[in-house]
Amino acid sequence: GDLAFVAALATSLLDGEGAVGDEKKKGLVQSILREGMASSLHLSFLHKHSDADSLVMEGLRKALDERGGGGGRNSVLHHCAVVAHAYLNAGTTRDGFLRDNLDWMRRASNWAKFSATASLGVLHAGHTSEAMSLLEPYFPGTDAASSTAGGYAEGGSLYALGLIHSPSTGCGAAARSAAGDFIRGHLRTSHANEAIAHGAALGAGLAGMGSGDVTLAAELKELLYTDSAVAGEAAGTAIGMVLVGRGAGGDPACDELLEELQNYAGETQHEKIIRGIATAAALSLYGREAAADATLEAMTADRDPILRYGAMYGTALAYVGTGSEGAVRRLLHAAVSDVSDDVRMAAVVGLALVLYRTPQRVPQLVGLLLESFHPHVRYASCIAVGIALAGTGDAAAVGMLEPMLADMSDFVRQGAMVGTALILMQQSDANKAVRRFRERIAGVVGDKHQSTLTKMGAVLGTGILDAGGRNVCVQLGSAATGFSRMTTAVGLVLWMQQWHWYPMMHMFSLALTPTVTVGLNKDFNMPKCFGITCNAKPSVYAYPKKMVEKKEEKKMRVETVALSTTAKSKARQARKKAKDRESMEIDEDMLKEEEEKKDDEDPAEDPMDTDADDATAKKKREPEPASYLLANPCRVTPAQASVCAFGMDQRYRPVRPGGRAVGIVLLMDTRPGEEEDVDTMELPGLDDGEDEEADAPEPFEWSPPVPEPADATMAEDGEGKTE
């Protein structure tokens with residue numbers, strides 16, 4: 001997360017006095033520290049191994065388009081469906097649904113169009129090699145920047161470019177710097193257009209997150225001083241992203257800038273700008289702990305509720321993962337005593353960030369808050385439980401949120417669905433709660449009696465449940481090192497701003513971490529013969545089963561006109577068939593008696609039938625194996641990591657045998673003289689999947705039509721004339 005540290009390390013290893021001498025090793029080090037090798041590995045895996053179910057999104061679209069769903073008339077639900085699609089395919093680069101449903105996508109207008117364009121950044125996160133080609137049709141032209149109207153798609157494209165190059169993807173420094181310079185060029189010339197300026201500010205903040213670039217922060221400050229509400233809020237938020245962790249004595253220049261912004265917050269009349277400044281102050285306090293106490297006390301005592309709102313998230317970020325009793329006490333006090341609904345919500349959500357290392361404490365603390373008379377507190381409690389226990393499938397937490405799914409307040413039901421979806425991320429069908437929850441949210445989407453806010457929770461929950469092709473999860477701490485993930489914590493705080501501004505829903509992508517384990521040899525290639533042993537039944541951690549499309553055969557009823565002669569002939573045929581049936585029954589009884597005699601004389605059975613029956617019975621009786629081998633690379637969920645181990649009898653062994661089987665694992669070849677069978681990393685292109693051949697049709701029988709004799713046709717015509 002600390003880009004300055006990574007840059008300093010790269011300089012010392014590659015350009016300093018103690019630089020690596022071997023050119024090959026130097027190239028490998030550069031690929032790690034400057035070229036984003038980890039990002040390329042994750043992108044390749046998410047694209048190739050995506051298990052996203054296309055029928056989920058298709059069913060969601062149909063349910064919203066129906067009269068009861070309301071998606072055809074409600075732009076909010078349409079926007080949420082677009083966001084859910086972005087969550088489902090985050091980082092996979094798979095946008096086939098958008099290409100196949102362009103008319104459906106064109107329903108978005110104004111700020112919904114801005115957000116729909118920005119969703120491309122979530123889909124292609126980390127795909128830096130093709131980012132400019134992908135977004136080029138949407139980038140602002142010279143006329144759009146100077147115009148005061150429109151510019152929604154153009155602004156969304158700059159926001160998308162920032163999402164693609166955010167530090168959460170781990171992309172290379174050179175690509176991120178080039179994207180940042182491109183966005184800053186539009187930032188300087190787009191002050192007249194609110195939509196483009198808004199997208200440029202967010203994009204610049206994402207590309208420069210954690211860099212501490214005071215020059216960029218000054219450019220964003222100029223946009224904020226234009227006193228445009230929407231653009232000013234984005235500028236304030238972007239300043240916070242750039243100065244993450246630099247406040248409260250971290251950098252004197254940053255402290256001076258933040259103090260100037262807080263003074264401006266007391267002068268402006270726009271609540272959105274004040275909220276942007278409050279968010280900037282909170283982000284700047286990330287990881288500062290005790291050094292931030294003075295700033296937090298001043299913000300907490302302020303009369304403006306928006307600054308107190310920023311103080312709650314500032315407390316959460318300053319003490320993220322520490323479990324500080326003082327921070328917990330401050331947040332709980334605000335959660336039950338502050339007069340502002342927003343401050344209470346932020347305080348409860350902040351508990352999840354402070355206590356994420358001991359997640360079971362969160363349900364204990366918010367258990368009573370879930371029964372609060374205050375609906376905003378109940379909503380935030382649902383979100384806090386979901387964040388703290390994301391991806392665990394904890395049955396007690398799911399049971400705690402279940403009554404909230406039927407709460408009297410619609411937005412509390414929304415929070416319960418989102419929180420439950422977070423808990424059930426990457427859970428297999430072995431967890432029965434997953435199927436029940438899927439059925440429940442599907443019913444809510446199609447129920448015309450549910451409110452829009454409740455349906456929002458169901459739609460977003462659908463996307464969160466299977467996010468990133470079912471290969472990503474929300475992880476506040478690194479499974480390999482134990483350090484807090486700055487991008488995840490910042491992403492969750494920014495995602496919560498969607499309560500006030502829907503385009504911030506895309507910030508959820510910053511909090512998603514690929515649950516990928518990949519073994520690399522000395523050349524950073526993937527050996528095919530390396531595997532990881534999972535000491536559990538395959539069904540426990542398997543991908544959920546995909547939906548099956550139901551094919552309904554509609555039979556067409558054809559009405560015919562019956563002639564009097566036809567009715568008489570049918571009656572004769574019916575009497576004749578009845579007589580034939582009686583004679584056939586007598587013959588069948590005689591045949592059965594003869595077969596029974598033969599069976600008594602020769603009781604031998606067909607050996608082929610016996611073998612088939614034995615094979616079927618054996619297949620049914622065969623138990624599921626207690627362990628199995630995961631190929632390289634593979635998905636290892638957070639819960640699965642505890643039952644995975646390295647097999648030390650393989651050709652390739654981990655350099656750290658005692659390490660956990662998660663993330664990128666460097667391998668040692670015990671037989672270096674033998675030929676290697678390896679897989680290389682392949683990045684997806686923009687046209688992947690477009691030129692694939694169509695699926696073969698299902699098996700069917702066809703016989704050519706037999707032409708009718710001319711005499712029969714003439715006879716029928718003659719009969720009709722006679723009648």
Side-chain angles (χ1 to χ4, degrees), residues 43-66 69 71-72 77-108 116-117 119-125 127 134 421 424-429 434-435 437-446 455 458-473 505-506 508-509 512 514-515 542-552 635 684-698:
L43 179 66
S44 176
F45 180 87
L46 292 177
H47 177 75
K48 287 184 179 179
H49 297 81
S50 173
D51 195 62
D53 191 349
S54 58
L55 292 181
V56 171
M57 195 62 210
E58 192 63 33
L60 190 62
R61 182 187 65 81
K62 290 181 179 178
L64 292 177
D65 283 347
E66 290 175 358
L77 294 180
H78 180 271
H79 170 257
C80 287
V82 174
V83 173
H85 173 263
Y87 290 173
L88 286 167
N89 299 279
T92 65
T93 73
R94 298 186 178 272
D95 54 4
F97 176 82
L98 300 182
R99 298 176 188 272
D100 296 339
N101 295 273
L102 292 176
D103 291 338
W104 182 76
M105 286 293 296
R106 289 192 185 100
R107 296 180 188 175
T117 309
S119 70
L120 294 174
V122 180
L123 294 172
H124 294 267
H127 198 191
L134 171 74
L424 297 178
M425 289 180 78
Q426 292 196 320
Q427 297 299 303
S428 69
D429 290 333
V434 176
R435 180 173 296 179
F437 182 66
R438 289 183 189 276
E439 293 173 352
R440 184 155 195 165
I441 58 178
V444 169
V445 173
K455 289 184 179 182
V459 174
L460 293 176
T462 301
I464 293 171
L465 196 59
D466 295 328
R470 297 171 174 170
N471 288 319
V472 299
C473 191
M505 289 179 180
H506 298 304
F508 184 70
S509 63
L512 297 176
T515 53
Y543 287 109
K545 292 182 180 178
K546 293 187 177 183
M547 298 173 63
V548 179
E549 189 174 6
K550 296 180 180 179
K551 297 182 179 179
E552 299 180 0
R635 180 188 82 155
L686 290 181
D687 56 348
D688 281 7
E690 291 186 5
D691 299 330
E692 294 179 0
E693 295 184 2
D695 296 335
E698 296 181 359

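Taking the side chain as every heavy atom from C-beta outward, Asp95 and Asn89 never approach each other to under 4.5 Å. Counting heavy atoms from C-beta on, the side chains of His47 and His127 never come closer than 4.5 Å. Annotation: side chain of Leu43 is in contact with side chain of Pro684 (closest heavy-atom distance under 4.5 Å). Looking at heavy atoms from C-beta onward, Leu120 lies in side-chain contact with Leu98 at the 4.5 angstrom threshold. Contact of the Leu88 side chain with the Phe97 side chain is not registered, since no non-hydrogen atoms from C-beta on lie closer than 4.5 Å. No side-chain heavy atom of Val56 sits less than 4.5 Å from a side-chain heavy atom of Leu465. At a threshold of 4.5 Å between non-hydrogen side-chain atoms, the residues Lys545 and Asp53 do not count as touching.
Taking CG of Leu102 as the start and CZ of Arg107 as the end, the distance is 12.5 Å to the nearest 0.5 Å. With values rounded to the nearest 0.5 angstrom, Met505 atom CE is found 4.0 Å from Cys80 atom SG. Atoms CG and CG, from Asp65 and Leu60 in turn, are 9.5 Å apart once rounded to the nearest 0.5 Å. Rounded to the nearest 0.5 Å, atoms CG (Leu424) and CZ (Arg435) are 13.5 Å apart. Atom CE of Met105 and atom NE2 of His78 lie 6.5 Å apart (nearest 0.5 Å). In this structure, OG on Ser509 lies 13.0 Å from NE2 on His124, to the nearest 0.5 angstrom.
Of the possible polar contacts, one joining the Asn471 side chain to the His49 backbone as a donor-acceptor pair under 3.5 Å is found. Looking at Arg635, its side chain does come within 3.5 Å of a backbone N or O of Arg470 through a donor-acceptor pair. With hydrogens and angles disregarded, no donor-acceptor distance shorter than 3.5 Å links the side chain of His85 to the backbone of Met57.
Considering only residues two or more places apart in sequence or on other chains, Ser50 meets the side-chain contact (heavy atoms from CB on, under 4.5 Å) condition with Ala52, Thr92, Arg94.
In terms of heavy-atom proximity, Ile441 sits nearest to Ala458 at O-CB, 3.7 Å. The shortest non-hydrogen separation linking Ala63 to Val445 is CB-CG1, 3.7 Å. Summarising the geometry of Ala542 relative to Ser428, their closest heavy-atom pair is O-CB, 3.1 Å, with the distance given to 0.1 Å. Closest approach of Leu46 to Val472, counting heavy atoms only: CD2-CG1, 4.0 Å. Closest approach of Ala81 and Leu64 over heavy atoms only: CB-CD1, 3.7 Å. Between Pro544 and Asp51, the shortest heavy-atom distance links the atoms O-OD2, 4.0 Å.
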Between Phe508 and Val83, does the side chain to side chain contact (heavy atoms under 4.5 Å, CB included) criterion hold? Intermediate values first, please. CA-CA 10 Å; Phe508 184 70; Val83 173; over 6 Å; no
Please walk me through it: do Asp100 and Arg61 pass salt bridge (Lys or Arg N to Asp or Glu O under 4.0 Å)? CA-CA 12 Å; Asp100 296 339; Arg61 182 187 65 81; over 6 Å; no
Under the side chain to side chain contact (heavy atoms under 4.5 Å, CB included) rule, what do Val459 and Tyr87 come out as? Steps first, then yes or no, please. CA-CA 11 Å; Val459 174; Tyr87 290 173; over 6 Å; no
I would like to know whether Asp103 and Arg106 meet salt bridge (Lys or Arg N to Asp or Glu O under 4.0 Å); could you show each step before the answer? CA-CA 5 Å; Asp103 291 338; Arg106 289 192 185 100; 2.7 Å; yes
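Tyr543 and Asp466 share no donor-acceptor pair across their side chains, judged by distance under 3.5 Å alone.
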